[in-house]
Amino acid sequence: MKKYNHKQVGVKWKKYWEVKKLYKTKESVDKPKYYVLDMFPYPSGAGLHVGHPKGYIATDVVARMKMMRGFNVLHPMGWDAFGLPTENYALKNKVHPAVATKKNIQVFKKQLGLLGFTYDWDREINTTDPNYYKWTQWIFLQMFKRGLAYESYEPINWCPSCKTGLANEDLEDGKCERCGSAIEQKPMRQWVLKITDYAERLLNDLNLLDKWPEPIKEMQRNWIGKSEGALVRFTVIARSEERATRQSSGGKIEVFTTRPDTLFGATYVVLAPEHLIIEKLKSKIKNFDEVNKYIRKAKNKTTLERTVEWEKVPTQSRDARFSRQIEDLEKIGKKTGVELKGVKAINPVNNKELPIFVADYVLGGYGTGAIMAVPAHDERDWEFAKKYNLPIKRVVQPNAVSISHIHPINHKFDLTQALSEKQKKLEMLEEIYTGVDGKLIDSKEFTGMRCSEAISKIGVKFGKLTTHYKLRDWVFSRQRYWGEPIPLVRCEKCGWVPVPEKYLPLELPKVKHYEPSGTGESPLANIKNWVNTKCPQCNGPAKRETNTMPQWAGSCWYYLAYVMQGISNFQFPISNYSEAFKYWNPVDLYVGGAEHATRHLIYARFWHKFLYDIGAVNNIEPFTKLQNVGLILAEDGRKMSKRWNNVINPDDVVKQYGADAMRLYEMFMGPFDQPCAWSTQGVVGMKRFLEKVWNLKERIIRNKKQDTNNTQYPIPNIQVILHQTTKKVTEDIEALRFNTAISQLMILVNEMFRSEVLSPKSYATLLQLLAPFAPHICEELWSQLGNKKSIFLSDWPKYDADKLQFDTMKLAVQVNGRVRATIEVPTDAGEEEIKSSALADENVKKWLENKEPKKVIYVRGRLVSIVK
RNA sequence: GCUCGAGUGGUGAAACUGGUAUACACGAAGGACUUAAAAUCCUUUGGCAGCAAUGCCGUGCGGGUUCGAUUCCCGCCUCGAGCACCA
């Protein structure tokens, strides 16, 4: 008997699959489709570590099973290759980014090739291929034509180290997500996509995604950040202490509030330090110098907060620079502000004059940058009012129910007393109520009205009901080289003119120098003969847009590109692909890291909805089911990184233990979406298991030669376990519970191992069930059984629901909730029969102490519980 | 601070809808084979007591509901993730 040689088996079958084109996806066959997609990798210079393929293995297991279950499966792979890392790498190593990209892709492809995936490489895509990005450009132009891409001069996030503008999504704690530098606000010209037009749909349609992880949906909801409220205008007057008359200042402050019902409780108004009205009121503000000084300090503080890397500074070893920064921050304090003396705001509900403050706790970038403060019903306003001794006025009386929620009630608790204590505290303004379960007090004609009703009534009467989102429009231009050129031309006569479709792709010019200029201009601006062009409309002199698209552009539609690849090589028009889109969309299963929750996954949903609106696709959500991959950590429990020198290369693992052992191990490690540390010992265990499967084959041969009578172990046992395993493996793979599927396969193999003999049929079934996880070895053993066709062309095993149980079953017998005996009864025994045999058990009798049981409960197939 | 998610052997982890907690694997210990080692195979492996049968304890902590709780309820602790003055 030949020993299992993973290397030989691996090479042999990879070649066979390639030659037979086994994984070539066919169009429009008479089968249901299944589209299973991985988040395509960014081919970096470092190559893959063992963590990367985890998701790919999972989709491969699903793809193989679906194939065997009769689906027409699309399981493609490609490269998301534009972006800063490659460009920076290229600059550092003095190679062109296109060259570096090509090389990196080769390495990645070779590494992936070792693992035996079912990718249809005929559909490979690459976002940096002009043939690909002409469509990225085309989609952008469609947005431009419909007013969804616009030019803006607003200040944006600027990373001084990467020398480019960034979208909100690209920030982490106010720092550049890529390099960690503090972000500056820099006013500059940029292209922006109106994603906010889709905010409501992006939010609502999350409800359709019942196969997405709840946390991801929650993150998107937070990111979109919808809040409903009202805009209310406060007139600003000039008021001097000497003169008792109001003087119009000409200014108005508009505030956004979600609680217009508390308008009667507003006791002051607060502006963000960035608010423009402050400058306008300059002449009316008596303490303008003080205010101005404060504003500078506040802005400084924001920068400081962004610069200090709290989490990276251990308390013991803060260096002088950090200590100083932190000290400065602490000196400035938490919520601070300054009153604008000489001006007041008029509350529209009661004509009262309210003081106006500028304070750091109001953000310039949200709402209108101004708020009305209701300290009695808002935590932050309350804090501020306490600190600066400002008046607090209650206008909401909470319901008794909501009071009792504040104080947890237990049995020894006197509710009436608690209520009155709570009431006292509220009245003394020692505590506040911020909820909406209550009625208005002291609010003129609205007194007595429920908060929820008053929100709209007061909102409509004194302001305008509106909805606000945290989501900002997507800053879509980058001042860097390695990205898709934005296909627009600036003509003095015609303005911005799109590059006509027939001239797409607008190719990225090949240049020697592509360093970022840092001036806010893209490096493309220096290439005169590229920049200077003719207007497509009037043929007059014109200049090209020199900014490029952000890294996320190409991944917004790539799942459609794989489908297009099956039809023709990216030919216009889009209608060429309608049929194919109709067949393959949406993606049935999408697997990837959770870090994409608020970027790629929002952007792609946005683009897809847009493509739906222009009739390019006919469904409104691109991904039916989303599954997150849990990170694989290094053996030491840290993230795998060059820095820690703990990276494990999949090539080495494959070489030593084989692709099948590695695949099996990564699926067995633990729940798929949980992070887990790598263990080389674990891989060894999987190799042992595969050897066991290999050696089992011997028992079939022996069966042919020898008499089957002399066996202690009845074969029917294997039959039952085989049916159980078929059921469990099928269900578990569908639900992506790979670890328990594999453990069930191990149970089956252990059982087969205990048996002297094995029928070829049982063995074949085992191989089929194991094949999605360990394709090479199963294919080999399958062919050794005499099969001429690939195991993946065979039909997935079916189980018989009647054969899932043994003839007898073991039941636990509990007396007063404790297991005191185990009885064995025929599986088809009736309830009475089982109860009496439980009561007849010696041990049960002992624990019953000859008393009559009060109650006997039988739980089907589980246990008998006797109450003494 | 707020919102989720999670705490089970030496380790990764199982457990259907409230029904025998620790499946499966790793590691460890002992044994067989071997000149020896590796590999392989067999046995043991939650804790305590006991020769054993068996008993008691045990799923982060404290309570509760139940014949029965890892699972449900209340309160707390720890860890992880996300958001972080969003009016």
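Note: hydrogens, waters and symmetry copies are ignored here, and every other heavy atom, side chains too, is used. Proteins come first, then strands; the chains are lettered A, B, ... in the order of their sequence lines, and each starts at number 1.
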Counterpart base for [N], defined by Watson-Crick or G-U wobble contacts under 3.5 Å:
N	value
B/A25	B/U11
B/A87	none
B/U35	none
B/A81	B/U3
B/G46	B/C57
B/U20	none

Distances under 3.5 Å between nitrogen or oxygen atoms of protein and nucleotides 78-80 of chain B:
none

Measure from NZ or CZ of A/K54 to the centre of the six-membered ring of A/F672, then state whether that distance is under 6.0 Å and the direction lies within 45° of the axis.
-> yes

May I ask you to say whether [X] pairs ionically with [Y], meaning some side-chain N is under 4.0 Å from a carboxylate O?
X	Y	value
A/E831	A/K835	yes
A/K252	A/E254	no
A/R688	A/E691	no

Taking only N and O in the side chain of [X], is any of them less than 4.0 Å away from OP1 or OP2 of [N]?
X	N	result
A/R820	B/C56	yes
A/Q674	B/A13	yes
A/W678	B/U11	no
A/Y361	B/A87	no

Flag for [Y]-[X]: side-chain donor and acceptor within less than 3.5 Å:
X	Y	value
A/Q744	A/T725	yes
A/T336	A/Y294	yes
A/D381	A/Y361	yes

Mind telling me if B/G46 is syn or anti? Syn here is a glycosidic angle within 90° of 0.
-> anti

Would you say A/Y268 and A/P391 make side-chain contact, with heavy atoms under 4.5 Å?
-> no

Distance between the [atom1] atoms of [N] and [M], in whole angstroms?
N	M	atom1	result
B/C41	B/A53	P	29 Å
B/U43	B/C26	P	14 Å
B/U66	B/G55	P	27 Å
B/G31	B/G9	P	30 Å
B/U44	B/U35	P	28 Å
B/C77	B/U22	C1'	24 Å
B/C56	B/A6	C1'	31 Å
B/U8	B/C83	C1'	30 Å

Would you state whether a donor and an acceptor, one from the side chain of A/K854 and one from the base of B/C67, lie under 3.5 Å apart?
-> no

Spacing of A/I648 atom CD1 and A/E635 atom CD [to the nearest 0.5 Å] = 5.0 Å

Of A/W223 and A/A272, the one whose nearest nucleotide on RNA chain B sits closer to the 5' end is A/W223

Quickly work out the [X] [atom1] to [N] [atom2] distance and round it to whole Å.
X	N	atom1	atom2	result
A/W382	B/A87	CH2	P	20 Å
A/I216	B/C4	CD1	C1'	12 Å
A/F672	B/G12	CZ	C1'	17 Å
A/N816	B/A69	CG	P	12 Å

Residue A/K470, side-chain atoms from C-beta onward, closest of B/C83, B/C56, B/A87 = B/C83

Plane angle bin for A/Y388 and A/F357 - parallel if under 30°, tilted between 30 and 60°, otherwise perpendicular = tilted

Excluding sequence neighbours, so at least two apart, what forms side-chain contact (heavy atoms from CB on, under 4.5 Å) with A/Q656?
-> none

Which nucleotides of nucleotides 18-30 of chain B have their base under 4.0 Å from a protein heavy atom (B), which only their sugar-phosphate (S), and which neither (-), written as one string 5' to 3'?
-> -BB--BBSSS---

